[in-house]
Every structure is written in structure tokens, then in C-alpha cells.
Student: 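Submitted below is the structure of interest, expressed as C-alpha cells.
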Amino acid sequence: QVKLVESGGGLVQTGGSLRLSCAASGRPFNNYPMGWFRQAPGKEREYVAVSTWSGGSIYYTDSVKGRFTISRDNAKNTMYLQMNSLKPEDTAVYYCAAATLCSGYACYAVDTYEFWGQGTQVTVSS
């Protein structure tokens, strides 16, 4: 059974940092696309950062470029999201997700991802 568990969320002031972790179990994910998504109240879930496979292509949504970094530790089957210079508009529930495969723009789409964690709340105060 595939399972993804996020941790590391919390409350931080504007300009602060957090590191989210996503521990995967049930299969080795090093060759699968994985990503971070977020959903703010009243908004649709959106992609934040995607790593198509270990050491492969990495994509960031424009609003987090230069501030967030996605990484993977294959030995630990864990994915991370380092978030720096946080802003109030980053406040959301953050989810990690994994897919069997993706290509092109499909890698940014929520529907592409079959496996999801339960989410972790990130709140940035102004």
C-alpha cells in the first residue's frame, strides 16, 4: 500500500523559513514524478514544485521561484520542500503527491497524481 506522510508545517512570520518533508512508503519513488501542491481556503489546489524523477527535471510555479527548493533523498524515500522568504500569500495546506508518470504540462496537473498525503498546514503571519 502506497503511503505519503507530510510533516514540517507550522506558523511562521513573514520572511521566515520552513522545511516540509514527505516520507513515502509502499514502493521506491526515486523513478517516479513527485511534487508539492498547495490549497488555500476558497481556492483550487495548485502545483508548487515538481521533480519528474530523481535527478531529472524540476519545475516551480512562478510565485515561488527563487524562494522554494524541492529535493529528494532516495536512500530515505523522502522528498523535501525548503521554503524561504515566506509571504502571507504562501499560507495554505501543502500536499505531497506522486504519480506513475507524467509528461510536459501534465506534470503540473493535480489530476496526474495518483497518490496524495494528508497535507500539512503552513501559515505565514504578516
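All values derive from a computational prediction rather than experimental measurement.
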Student: Show the nearest heavy-atom pair for residues E6 and G119, with the distance to one decimal.
Tutor: OE1-N, 2.8 Å

Student: For ring pair (Phe, Tyr, Trp, His ring centres under 6.0 Å), just list the numbers for W36 and Y47, CA-CA rounded to whole Å, side-chain angles, deciding distance to a tenth of an Å, and then say yes or no.
Tutor: CA-CA 6 Å; W36 289 98; Y47 105 95; over 10 Å; no

Student: Identify the two heavy atoms, one from C96 and one from L4, that lie closest to each other, and give their separation to 0.1 Å.
Tutor: SG-CB, 3.7 Å

Student: Among residues two or more places apart or on two chains, list those pairs meeting ring pair (Phe, Tyr, Trp, His ring centres under 6.0 Å) that have a residue in residues 69-101.
Tutor: none

Student: Donor-acceptor pair, T78 side chain versus K76 backbone, under 3.5 Å?
Tutor: yes

Student: As an exercise, state the distance from CZ of R72 to CE of M79, rounded to the nearest 0.5 Å.
Tutor: 7.0 Å

Student: For a quick test of reading the model, state the closest non-hydrogen atom pair linking C102 to T52 and the distance between them.
Tutor: SG-CG2, 4.3 Å

Student: Does any N or O in the side chain of R19 come within less than 3.5 Å of the main-chain N or O of Q82, such that one atom is a donor and the other an acceptor?
Tutor: no

Student: Find the distance between CZ (F68) and CG (L20) and round it off to the nearest 0.5 Å.
Tutor: 8.0 Å

Student: Please list, chain by chain and in numerical order, all residues satisfying salt bridge (Lys or Arg N to Asp or Glu O under 4.0 Å) with D62, sequence neighbours excluded.
Tutor: K65

Student: Calculate, to the nearest 0.5 Å, the distance between atoms NZ and OG belonging to K3 and S25 respectively.
Tutor: 6.5 Å

Student: Do you know which two heavy atoms are closest between P33 and Y113, and how far apart they sit?
Tutor: O-CE2, 4.0 Å

Student: Shortest non-hydrogen contact from T100 to E114?
Tutor: N-OE2, 2.6 Å

Student: To the nearest 0.5 Å, how far apart are NZ in K43 and CZ in R38?
Tutor: 8.5 Å

Student: L101 and T112: which non-hydrogen atoms are nearest, and at how many Å?
Tutor: O-CG2, 3.7 Å

